[in-house]
Undergrad: 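Okay, handing you the structure first.
Numbers restart at 1 for each chain; the letters A, B, ... are given by sequence-line order, proteins then strands.
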Protein chains: 2
Amino acid sequence: MPKVGMEPLRKRELIDAAIRTIGQRGSLDVTVAEIAHEAGVSPALAHHYFGGKEQLILATMRHLLKELGRDLLTALETARTPTARVAAIIAVNFSASQFAPQTVAAWLAFYVHAQQSDETRRLLRVYARRMHSNLAYALSRMTSRAIALQIAEGAAAMIDGLYIRHALRNGAPEAASAIALVEDYVTTKLTAAGASL
Amino acid sequence: MPKVGMEPLRKRELIDAAIRTIGQRGSLDVTVAEIAHEAGVSPALAHHYFGGKEQLILATMRHLLKELGRDLLTALETARTPTARVAAIIAVNFSASQFAPQTVAAWLAFYVHAQQSDETRRLLRVYARRMHSNLAYALSRMTSRAIALQIAEGAAAMIDGLYIRHALRNGAPEAASAIALVEDYVTTKLTAAGASL
DNA sequence: TTCTTGATTGACTGATCAATCAATAAAAAC
DNA sequence: GTTTTTATTGATTGATCAGTCAATCAAGAA
C-alpha cells in the first residue's frame with residue numbers, strides 16, 4: 001500500500017481530523033492518538049509528519065485561518081459598493097462553515113492556547129488585524145477615518161462576543177440575527193455620523 | 001499548629017491560590033499540586049477539602065461569580081437614574097478587579113471548560129442572563145422593550161468581545177476606551193430610537 | 001490523663017500520554 | 001535484482017498527575 005507522495009494527503013487528513021476532534025471536544029485537551037485514530041492512521045504517523053502535537057495544532061490553526069481568508073476574499077470580490085463590502089465581511093464571519101459549533105469551539109480553544117503559545121497569539125493577531133483593517137477600509141469610504149476606526153473596533157468586538165455566546169448556546173442568537181445585530185450597529189453609527197448610505 | 005475550624009480558611013486560601021495560578025497560566029491546565037503549593041499547603045489537603053480538582057475549579061468559578069455579583073450590586077445601589085444604571089453595569093465589567101488580565105484569562109478558560117462541564121456551562125449562563133436582564137431592565141425605562149432587548153444583547157456581546165481582545169493584548173483597548181465604546185453604542189442606539197437621555 | 005476528632009502530610013498507585021525507535025513493507029531508482 | 005527511499009506501525013519509555021491512604025500531630029473533651 002505505501003505509495004510515494006503520501007505526505008500532503010496525510011497531513012491534510014490529520015488536520016481535518018484535528019479540527020473535527022478539537023471541535024467535538026471543544027478543547028485542545030485531545031490526545032494525538034484520538035486525532036490519529038479519527039484520521040485512520042497510527043499516532044506515530046502524526047508525530048512523523050508534524051514533529052509533535054504543538055506543531056499539529058499550529059498547522060490546524062493556520063489551515064482554519066487560511067480558509068477564513070479565502071472565504072473573505074471570495075466574498076469581497078463580488079462586493080462592489082462599500083456598503084456591500086461591509087455586509088460581506090460581516091456575513092463571512094457568520095457563514096455556515098465559520099459559525100459551525102465545532103469551528104467556533106475550536107477558535108475558542110485557540111484563544112485560550114494563545115495565553116501560553118507565542119505563535120498561537122501571533123496567528124490570532126494576524127486574523128484580528130486583517131478583520132479590523134478590512135472593515136476600517138470599507139467604512140472609511142462612507143465616513144471619516146476616525147469614525148470608521150471606531151465602528152470597525154466596535155463591530156469586531158461584537159462579532160467576537162457573538163462567537164463566545166454561540167459557543168455557550170445561551171439561547172444564543174442564530175447566524176441571521178447575529179448578522180442583523182452587527183449590521184444594525186454599523187448602519188446606526190453611520191447614520192448618526194451623517195453618512196449617506 | 002493544627003487548630004480547629006481551619007476548613008473555611010483553607011478553602012478560601014485554596015480558591016485564591018487557584019485564581020492566581022489559573023490566571024497566570026491563562027488555562028485550567030494547572031496541577032492541583034501547583035495550586036496547593038501557591039496556597040502553601042500540600043496537594044493532599046486540596047483533595048481533602050474539595051474532593052477533587054473539578055470541584056475546586058467549580059468553587060473558584062462560584063467565588064468569582066459571587067464577587068462580580070457583589071460589585072454589580074454595589075454599583076447599582078448608588079445609581080439612581082436609568083442612564084446611571086446602564087453606565088454602572090458597563091463600568092463594573094471593566095473595573096480594575098474584573099478586567100485584570102489574570103481575571104480575564106481565567107474567565108476565558110472557564111468558557112472553554114464549559115464545553116465539557118455541564119455545571120460550568122450552567123454557571124456561565126447564570127452570569128450571562130443576569131447581565132442581560134440588568135441591562136435590559138435599565139434600558140427599558142428609556143426606550144421600548146424591543147429596542148431595550150436589542151441594545152442589551154448588542155452591548156453584552158460587545159463587552160464579551162472586548163474581554164477576548166483584552167486577553168489577547170492586541171494593542172487591546174484599555175478599560176477607559178472599552179467603556180467609551182460600549183457607552184457610545186448604547187447612547188447612539190438610544191438617540192436613534194428617539195429616547196430622551 | 002486518656003480519648004477523640006480535625007488538620008495535615010509524605011509516600012504511593014494507577015492511569016494517561018507525548019514522544020521515540022526499531023522493524024516491516026512496498027515502491028522507485030539503479 | 002539489489003539498493004535506496006518513503007510510508008507506516010507496534011511496542012515501549014519516561015514523565016506527569018489526580019487521587020488514595022495510612023500515619024502524625026495537636027487541640028479540646030471526658
Undergrad: In terms of side-chain geometry, is the basic nitrogen of Arg12(B) or Asp16(B) positioned less than 4.0 Å from the acidic oxygen of its partner?
TA: yes

Undergrad: Would you indicate which nucleotide in dT8(D), dT9(C), dA7(C) comes nearest to any side-chain atom of His48(A)?
TA: dT8(D)

Undergrad: Quick one: His37(B) NE2 to dT8(C) P, roughly how many Å, whole number?
TA: 16 Å

Undergrad: Whole Å only: how far is the CE atom of Met6(A) from the C1' atom of dT5(D)?
TA: 15 Å

Undergrad: Side-chain N or O of Arg10(B) versus OP1/OP2 of dT8(C): is the shortest distance under 4.0 Å?
TA: yes

Undergrad: Give me the bend of the helix from dT1(C)-dA30(D) to dC30(C)-dG1(D), using the axes of the five pairs at each end, rounded to 10°.
TA: 10°

Undergrad: Is the distance from OP1 or OP2 of dA7(C) to the nearest side-chain N or O of Tyr49(B) less than 4.0 Å?
TA: yes

Undergrad: Can you tell me how far C1' of dA7(C) sits from CD of Glu7(B), to the nearest Å?
TA: 10 Å

Undergrad: Count the heavy atoms belonging to other residues, nucleotides or ligands that lie under 6.0 Å from NE2 of His63(B), then report whether that count exceeds 12.
TA: yes

Undergrad: Please say whether more than 12 non-hydrogen atoms of neighbouring residues, nucleotides or ligands are located less than 6.0 Å from NE2 in His132(A).
TA: yes

Undergrad: Nearest whole angstrom, please: distance from the P of dA18(D) to the CG of Leu28(B).
TA: 12 Å

Undergrad: Just to be sure I understand the rule, does Phe50(B) reach a base, reach only the sugar-phosphate, or reach nothing, if contact means heavy atoms closer than 4.0 Å?
TA: nothing

Undergrad: Scan side-chain atoms only and decide if Glu7(A) and His48(A) contain a donor-acceptor pair under the 3.5 Å cut-off.
TA: no

Undergrad: Treating Lys53(A) as the side-chain partner and Ala46(A) as the backbone partner, does any N or O pair qualify as donor plus acceptor under 3.5 Å?
TA: no

Undergrad: Heavy atoms under 4.0 Å is the rule here; annotate nucleotides 14-21 of chain C 5' to 3' with B where the base is hit, S where only the sugar-phosphate is, and - elsewhere.
TA: ---SSBBB

Undergrad: Cation-pi check, Lys189(B) to Tyr185(A): give yes when NZ or CZ is under 6.0 Å from the six-membered ring centre and within 45° of the ring axis, no otherwise.
TA: no

Undergrad: For Arg165(A) and Glu153(B), what are the C-alpha separation, side-chain angles and deciding distance, and is it a salt bridge (Lys or Arg N to Asp or Glu O under 4.0 Å)?
TA: CA-CA 10 Å; Arg165(A) 288 161 128 33; Glu153(B) 201 155 298; over 6 Å; no

Undergrad: Write down the distance between CD (Glu13(A)) and P (dA7(D)), rounded to a whole number of angstrom.
TA: 13 Å

Undergrad: Rounded to whole angstroms, how far apart are CD1 on Ile57(B) and C1' on dC17(D)?
TA: 13 Å

Undergrad: Could you state the CG-P distance from Leu9(B) to dG6(C), rounded to the nearest angstrom?
TA: 16 Å

Undergrad: Would you indicate whether Tyr127(B), at its atom OH, is surrounded by more than 12 heavy atoms from other residues, nucleotides or ligands within a distance under 6.0 Å?
TA: yes

Undergrad: Could you give the CG-to-P distance, from Leu45(B) to dA18(D), as a whole number of Å?
TA: 15 Å

Undergrad: Indicate whether the side chain of His113(B) and that of Glu119(B) have a donor and an acceptor atom separated by less than 3.5 Å.
TA: no

